[in-house]
S.K.: 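Below is one structure. I have some questions about it.
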Amino acid sequence: MNEKLEKAFNDQINAEFYSEYLYLSMFAYFERANLKGFSNWMNVQMQEEHAHAMGMFNYVHERGGKVTLKQIDTPPADWASVVEVFEEVLKHEKLVTSKINALMDVAEEANDRAAISFLDWYLKEQVEEEANVSNVLKTLKQICDAPQCIYMFDKELAARTFVAPVIG
Ligand code: FEO
C-alpha cells in the first residue's frame, strides 16, 4: 500500500485502540456502580474494538506495511448517568464511522482495490454498531427511566457475549 494509505491505517489503528480504552473506562464506571450487565456489555464492546484494531494491524502486515503505534489519549472516567454513557457511545461510534469513511476515501484515491474491499467489512460493522447502541439508548430513554427498569435491563445486558469477528 502507498505511504499515505499506510499512515491512514495507522491513524485508524490508534482510533480503534482509543475506542477500546474508552469502553474499558465505561466498563470501570459500571463496575463502580455495581451494574454488572452494563459492565458486561462494555466488556464485550471493548473486546470488539480490540479485534477491530488487530484486524487492521494484521492487514497492514499482510500488505508488507509498517505498523507504527502512537500514544492513546486518556478517556473520560465519569459520566452523570447511564443515559449519558450511551449518548457518548453513540456519538463516538458516529465519529468512528466518519473516520472509516475518510480512510476509505484514501484507499479510493490510491485506487487500492484490495484495501477498499477489506474496509467494506468495517463500514458494515459500523452500521451494526450504531444500530446496537441506538437500540440500547432507545430503551433507556423511552421505556426505562425508573431505577427498577435499569435493574431489569441490566440483567438483560448481562447475556451479551463476545464472539470473535471474522474480519475482511
Ligand atoms: Fe471499531 Fe466501534 O468501532
Side-chain angles (χ1 to χ4, degrees), residues 1 5-31 35 37-63 65 67-79 82-108 112 114-141 153 156-168:
M1 65 176 70
L5 185 56
E6 183 183 278
K7 187 192 172 300
F9 263 103
N10 275 305
D11 287 346
Q12 190 59 35
I13 288 170
N14 182 266
E16 299 291 343
F17 279 127
Y18 174 77
S19 303
E20 179 182 2
Y21 222 36
L22 174 64
Y23 298 142
L24 180 60
S25 189
M26 290 171 170
F27 177 11
Y29 169 84
F30 286 127
E31 283 289 299
L35 288 167
F38 283 98
S39 73
N40 173 65
W41 195 96
M42 282 303 165
N43 185 7
V44 172
Q45 191 73 8
M46 174 195 84
Q47 291 179 74
E48 288 198 351
E49 297 307 339
H50 186 79
H52 296 167
M54 291 310 293
M56 289 190 182
F57 177 99
N58 292 332
Y59 184 71
V60 169
H61 285 134
E62 213 178 323
R63 294 288 306 273
V67 168
T68 314
L69 296 177
K70 294 185 292 188
Q71 187 168 335
I72 301 167
D73 290 342
T74 305
D78 294 295
W79 292 269
V82 174
V83 169
E84 196 183 277
V85 173
F86 280 90
E87 275 171 343
E88 181 159 351
V89 175
L90 184 58
K91 195 170 136 218
H92 182 70
E93 285 305 327
K94 285 183 175 172
L95 176 70
V96 171
T97 300
S98 72
K99 283 176 185 282
I100 302 274
N101 273 318
L103 176 55
M104 183 65 112
D105 287 346
V106 179
E108 278 172 354
D112 191 323
I116 292 166
S117 151
F118 174 76
L119 287 170
D120 251 342
W121 183 90
Y122 282 85
L123 284 178
K124 286 184 198 126
E125 175 74 359
Q126 281 312 117
V127 172
E128 210 178 285
E129 294 232 316
E130 283 189 28
N132 282 344
V133 182
S134 293
N135 283 337
V136 173
L137 204 48
K138 219 177 275 174
T139 304
L140 285 170
K141 279 180 156 175
F153 195 31
E156 194 182 316
L157 296 184
R160 187 184 189 196
T161 54
F162 175 67
V163 180
V166 181
I167 297 174

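Heads up: numbering here begins at 1 and tracks the sequence. Ligands are counted one by one from 1 in listed order, and the atoms in each one are counted from 1 as well.
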S.K.: Please state the angle at atom 1 (Fe) of ligand 1 spanned by OE1 of Glu16 and OE1 of Glu49: what is it, rounded to 10 degrees?
M.R.: 80°
S.K.: Pick out which of Phe27, Phe30, Phe86, Tyr23 makes a side-chain contact (heavy atoms from CB on, under 4.5 Å) with Trp41.
M.R.: Phe86
S.K.: What N/O/S atom of Glu129 is the closest to atom 2 (Fe) of ligand 1?
M.R.: OE1
S.K.: Is it true that some N/O/S atom of Glu125, main chain or side chain, lies under 2.8 Å from atom 2 (Fe) of ligand 1?
M.R.: no
S.K.: So that I can tick it off, tell me whether Lys7 and Asp11 are bridged by a salt bridge, with the cut-off set at under 4.0 angstrom between side-chain N and carboxylate O.
M.R.: yes
S.K.: Cut-off 3.5 Å, no hydrogens considered: what does the side-chain donor-acceptor table look like for residues 127-137, sequence neighbours left out?
M.R.:
| unit_1 | atom_1 | unit_2 | atom_2 | d |
| --- | --- | --- | --- | --- |
| Glu130 | OE2 | Thr97 | OG1 | 2.6 |
| Ser134 | OG | Glu130 | O | 2.8 |
| Asn135 | ND2 | Ala131 | O | 3.4 |

S.K.: Could you tell me whether Lys99 and Glu16 have a side-chain N and a carboxylate O separated by less than 4.0 Å?
M.R.: no
S.K.: Between atom 1 (Fe) of ligand 1 and His52, which N, O or S atom of the residue is the nearest one?
M.R.: ND1
